[in-house]
Amino acid sequence: PKAYATSRYMSTNSWLYFRFLVLLFFVGHFIANFIYDWPEEHFIYFMYLSRWFLICNVLLECIDFLLAFWGSVLLENGLKTPTLPILVKIHMAL
């Protein structure tokens with residue numbers, strides 16, 4: 001948990017807020033892109049590789065935020081849970 005919940009240059013809470021802001025940026029960009037292009041393209045929207053890359057980035061940012069959040073909770077409470085390694089494996093696979 002320490003690897004995902006801490007930063008060399010920021011405190012744990014600052015790192016968590018940063019991950020949340022990056023997540024909001026990527027989700028907002030995806031929603032804006034989808035709303036702008038979907039009415040004209042419909043299912044052709046998924047034909048372009050750049051759109052799939054954007055979807056993968058949004059998923060990765062969601063996982064990054066979850067890992068930072070759960071890692072910070074684990075660091076504060078000193079708990080161990082099996083869910084964190086599963087998310088780490090999914091993150092590395094993507």
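We're numbering straight along the sequence, starting at 1.
In this structure, Leu21 stands alone, with no Ile, Leu, Val, Met, Phe, Trp or Tyr side-chain heavy atom under 4.5 Å from its own, directly or through other members. Other members of the cluster containing Tyr48 are Ile44, Met47, with ILVMFWY side chains joined at under 4.5 Å, either directly or via other members.
Pairs of residues two or more places apart, or lying in two chains, that qualify as salt bridge (charged side-chain N to carboxylate O under 4.0 Å, His left out) and include a residue from residues 12-27 are Arg19-Glu61, Arg19-Asp64.
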Determine all donor-acceptor pairs shorter than 3.5 Å in which one atom belongs to a side chain in residues 25-42; sequence neighbours excluded.
residue	atom	partner	partner atom	Å
Asp37	OD2	Arg51	NH2	3.0
Glu41	OE1	Arg51	NH1	2.8
His42	NE2	Pro39	O	3.3

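Phe53 and Ile55 are not part of a single hydrophobic cluster, where members link through side-chain heavy atoms under 4.5 Å apart. Under a hydrophobic clustering in which Ile, Leu, Val, Met, Phe, Trp and Tyr are joined whenever their side-chain heavy atoms come within less than 4.5 Å, directly or via other members, Trp70 and Ile90 fall into the same cluster.
By the 6.0 Å contact criterion, OH on Tyr17 is open, its count of non-hydrogen atoms from other residues, nucleotides or ligands being 12 or less.
Side-chain contact between Leu16 and Thr12 is absent, with no heavy-atom pair separated by less than 4.5 Å.
For Ser11, the side chain to side chain donor-acceptor pair (under 3.5 Å) partners two or more places apart in sequence, or in a different chain, are Ser14. Every side chain to side chain contact (heavy atoms under 4.5 Å, CB included) that Cys62 has, sequence neighbours left out, goes to Leu23, Val58. Scanning for ring pair (Phe, Tyr, Trp, His ring centres under 6.0 Å) contacts around Phe18 gives Trp15, with sequence neighbours left out. Partners of Leu24 by side chain to side chain contact (heavy atoms under 4.5 Å, CB included), not counting sequence neighbours, listed by chain and number: Phe20. Applying the salt bridge (charged side-chain N to carboxylate O under 4.0 Å, His left out) criterion to Glu76, with sequence neighbours excluded, gives no partner residue.
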